[in-house]
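Taking it in order: structure first as structure tokens, then the write-up.
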Amino acid sequence: MFIALIGVDHKTLEWTQKYLQEVHGFILLQVCCDSQKEKTANDTKYFNSTATMIDYATERWQNNFVTPSLDSSSSVDFDLFLRRPFTLLVAVETTLANMMQNMQSIGHKNGHSFTINQFADFYDTTYKARRDKISQAHINIFNPYTNEQDYISLLHSVNLLDEQRLRPNWDTYFMELADLASQRSNCMKRRVGAVLTQDKRIVSTGYNGTPKGLTNCTQGGCPRCNNGVEQGFAECLCLHAEENALLEAGRTRIGDSAVLYCNTCPCLGCAIKIVQTGIKEVVYNQAYRVDDKTAQLFENATVSCFFTNFFTLIFTIYPLLTHLNLKRPTNNLMKQPPSDKSTTDDDSTQSSDEHDNPDDPDNKDDDSEATLSESEMVGEKRKRRSGSGSRSGSGRIVEEGIIYNHDIRFISFSFNPSIELVGAATKLGLTVTSDLTSSDLIIYESCQVELTQLSHPDNSVCQHWITDSAAANTTLPICLYNLNTSYDPNAFEDPALDIQPDSTSKYACWRTHPLVSPNEELVDALRVLKQDRIARDEKWNALAYTRALSMVKSFPHRIRSKDDILLSVPASDDEEDAASAASTYKHPRTPTKPVKNIGDKKIKAKIEEWLNYGRVYEAEKIRGSDMHSIYHSLYSIQGIGPKKAFELSRSGVRSVDELVDNGKITQDDATLAQHLNNSISRDEVERIANYVMGHARSLLAHPSYAICGGFRRAKPMSNDIDIIITQHGASVAQLNHFLVALTDSLQSTGFLTKLMRQVSLCVASNRRKEDHDYQSTMLGVVESSRKFGTSEGEHPQYRRLDVIVAKPASFHLEILSWTGSVMYERDLRSYVRRHKLKLNASSVYNDTTDEELDLSLVRSERHLLRVLRLPWIAPQYRNCD
DNA sequence: TGGCCTACG
DNA sequence: CGTA
DNA sequence: GCCA
């Protein structure tokens, strides 16, 4: 792949280029004259002209290259670049404010500053020069952030290495042809196109309009369409695109595996004809009013019907959903006037309590008296109760129950953020409101959206609902918030009250760990060493590497010298400060505390080696060894852990196939392992979860749920689907019954194909004899198919599905536990243990008395962490492993 | 020199 | 010991 | 392997 970057903002360009080089190993190619070459001495290749650069990359097309030099190329060279089949043109942009600031900072270095007018001139000229090129970009990335880490996470989720962009798959190919056909439409109402295929060959195409020989609809040929009113369907003279494609093909040319591609969902009339002509599959990419009826008809007639436009729609709708500097509507909505004195009194005690953040966690190491006593918990509880329903300060509009009774949906977007929200929302027929209780969609500044389903008629929860509503022009109330990230609308607590993360803590649960570290290669090397230690059965050695790895991962900047990592960065809450540290940390800084979990001997030496030579010799050696790769392929099989994988690979087993041949495992096991190794797109995770919740809703009145695991940590691809379900007010017996029924229901449709574990809700507790632990998990394998958006093609894919049914009081704790990552969870428990509490996925105990703490008044994960005196780290910053 | 997360099957 |  |  050969990526060319174009854009005006040098910082965004630089971050993108660095990301490709450092995270994905792209080689930098540049065009420049000889005099400029000296300045860098790394792997960069220089060329005298764009043409020679393109030739160079063409000869080495299997490698990955990136160049920022294309926006100064001639149009001939530019076209040459685009003509190659392995090239991708990526345009990156940022906000005007960012751009100005970045220019100012350069200006300052050179001793002059810009006026607004000078900036405008600069922008106009540079943008004008690039405009034509930008318009041809395959991907436009908009960077709203001032912070490199956030931008890198965004880049990561765009998945620039996706081969699909270089060469469309069949669906995309035919769909684009259908779109092209729609351009020939002559109907006043809507441009629709269709392509009929058989065995990947086009049989016919069609677009909508009046029949041959009649005046075109666009010339007034159809009175109904020209009337402007959505009525008189029966008087319409226009043929639909689908009809035209069918008529053009004729009954005899339609085989028994024909696929019809339509750029709009077929209407009921067309659907009838589609069924009658024997078409087996319909693929469409724009929702239409009659989707439900059409879907029903197709289902009855066993015609498969797929909606493919998920990502495109999200990409178009996304700009209006995110990242505005909108203030949280505290003033008019959240802050109700104190209605009575008791409320005010309560608030004052409350806030003084909650402002009381704990000391630096490391200082507490010396202070064994510091515990989270149960009396504190009870105190918390009492206050909540006394202030019930009308606390002021923060979060009183959304009290327990209002949203809790409905489906909670967590969607993490990290795509192109917005330029203008309100205007675009209006264009799509969406209403922007500040009334939470009447809204269906809550938008957070940090690119996260939640559907609360307060008024959606069929009570289904999925992103398609937003997009379909937009396409059907129905009104969709939106509520805007400026919170940081949260999955839970209940969590409208004041972020200012949160305990702040501390990047110097030895506990992973106190630090932030982005999806992709600026030091990803070092992290990877440490991962290899960790895996090697596990394989060698050196458990504690492996743990040390895991800890060191997460420490490096939480390090906010690119490590360039040993001073960077061996002297910790002074903790700073100030974003600006943290960002500017990136440029200043080269200079000697005041030594603060040494970085934890990186000892004086071994791991420090590895890191220094990496700094000096750009690699860790031992890691390279392990990576290159046969044992290593064989071990990994064996390890990937269910039931084969580190021990067995090590033993087998040592006893001379070379591959998984060999195990099958020896009869040690069945072919089915091997296939399953292969399937489970494939990662799952966010789209598919959501569709599967939505399907499961469809079943859940037929068994429970108002289930609440959250998708956790890697998905919640904003990973672009997941390994499995983790769904936590509860129902407000449900008894343990009801929930127990529910899980059994849900399992049956999923099995009866053939979706759930294998059950690996089902735990009853009432497990005899080993801590208290006569009472029970309340938790229930169903671990299984489901068969995902194209309708769920599998990316592996036509064949069904097995996916791991974990359904966890939580008792309402443990809901947030279960979510916290099932979100991970492993290191985060480990240190979470480690930390509370040191404070005389014991924590598992469903409950918190007093470690000495074994008494369970009552969490029934905990309103959110955020709240829970505050109760535990821990900082709330946004899920996308919990990627510690 | 002892501890390193916790639970289930 | 394997898995979440 | 690292920490207390």
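As a basis for the values below, the full set of heavy atoms in this structure was taken, side chains included, without hydrogen atoms, waters or symmetry mates. Order of the sequence lines fixes the chain letters, A, B, ..., with proteins taken first and strands second; residue numbering starts at 1 for each chain.
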Provide, to the nearest angstrom, the distance between the [atom1] atom belonging to [X] and the [atom2] atom belonging to [N].
X	N	atom1	atom2	answer
Ile665(A)	dG2(C)	CD1	C1'	15 Å
Arg833(A)	dG2(B)	CZ	C1'	15 Å
Met823(A)	dC2(D)	CE	P	14 Å
Arg826(A)	dA4(C)	CZ	P	15 Å
Asn719(A)	dT3(C)	CG	C1'	14 Å
Tyr845(A)	dC5(B)	OH	P	19 Å
Ile723(A)	dA4(C)	CD1	P	16 Å
Trp818(A)	dT3(C)	CH2	P	14 Å

Can you tell which of [options] lies closest to the side chain of [X]?
X	options	result
Ile603(A)	dG1(D), dC5(B), dT6(B)	dG1(D)
Asn840(A)	dA7(B), dG2(C), dC5(B)	dA7(B)
Arg829(A)	dA4(D), dC5(B), dC2(D)	dC5(B)

So what does [X] touch, heavy atoms closer than 4.0 Å: a base, only the sugar-phosphate, or nothing?
X	answer
Ile640(A)	sugar-phosphate
Asp802(A)	sugar-phosphate
Ile637(A)	sugar-phosphate

OP1 or OP2 of [N] under 4.0 Å from side-chain N/O of [X]:
X	N	answer
Lys838(A)	dA7(B)	yes
Asn597(A)	dC2(D)	no
Gln638(A)	dA4(C)	yes

Handout entry: N-O pairing of Glu647(A) and Lys664(A) below 4.0 Å
Key =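 No, this pair does not count.
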Exercise for the section: Using a strict cut-off of less than 4.0 Å between a Lys/Arg side-chain nitrogen and an Asp/Glu carboxylate oxygen, indicate whether Glu861(A) and Arg878(A) qualify as a salt bridge. Expected result: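 Looking at Glu861(A) and Arg878(A), the cut-off is met.
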Handout entry: Main-chain N/O of Arg654(A) paired to Glu658(A) side chain as donor or acceptor, under 3.5 Å
Key = yes
Exercise for the section: If the plane angle is over 60° it's perpendicular, under 30° parallel, otherwise tilted; pick one for Tyr831(A) and Trp510(A). Expected result: perpendicular
Completion exercise
Per the under-4.0 Å heavy-atom filter, residues of residues 527-548 of chain A near DNA chain B come out as Trp540(A), Leu543(A), Arg547(A)
Fill in the blank from the handout: DNA chain B nearest-nucleotide lookup for Glu825(A) and Met756(A): closer to the 5′ end is Glu825(A)
Practice task
Would you name the heavy atoms of Tyr845(A) and Asp850(A) that are closest together and state the gap between them?
Solution key: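 The answer is CD2-O, 3.7 Å.
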Practice task
Of all the heavy-atom pairs spanning Asp881(A) and Leu549(A), show the shortest one and how long it is.
Solution key: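 Nearest pair, atom of Asp881(A) first, then Leu549(A): C-CD2, 3.4 Å.
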Practice task
For nucleotides dA4(D) and dC5(B), find the distance between their P atoms and express it as a whole number of Å.
Solution key: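 Those two atoms are separated by 14 Å.
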Problem - Contacts of type ring-ring contact (aromatic ring centres under 6.0 Å, His included), residue Phe751(A), not counting sequence neighbours - result: Tyr691(A), Phe788(A)
Practice task
Test Arg511(A) against every option in Ser550(A), Ser505(A), Ser503(A) by the side chain to side chain donor-acceptor pair (under 3.5 Å) rule and name the one that passes.
Solution key: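 Testing Arg511(A) for a side chain to side chain donor-acceptor pair (under 3.5 Å) against Ser550(A), Ser505(A), Ser503(A) leaves exactly one candidate, Ser550(A).
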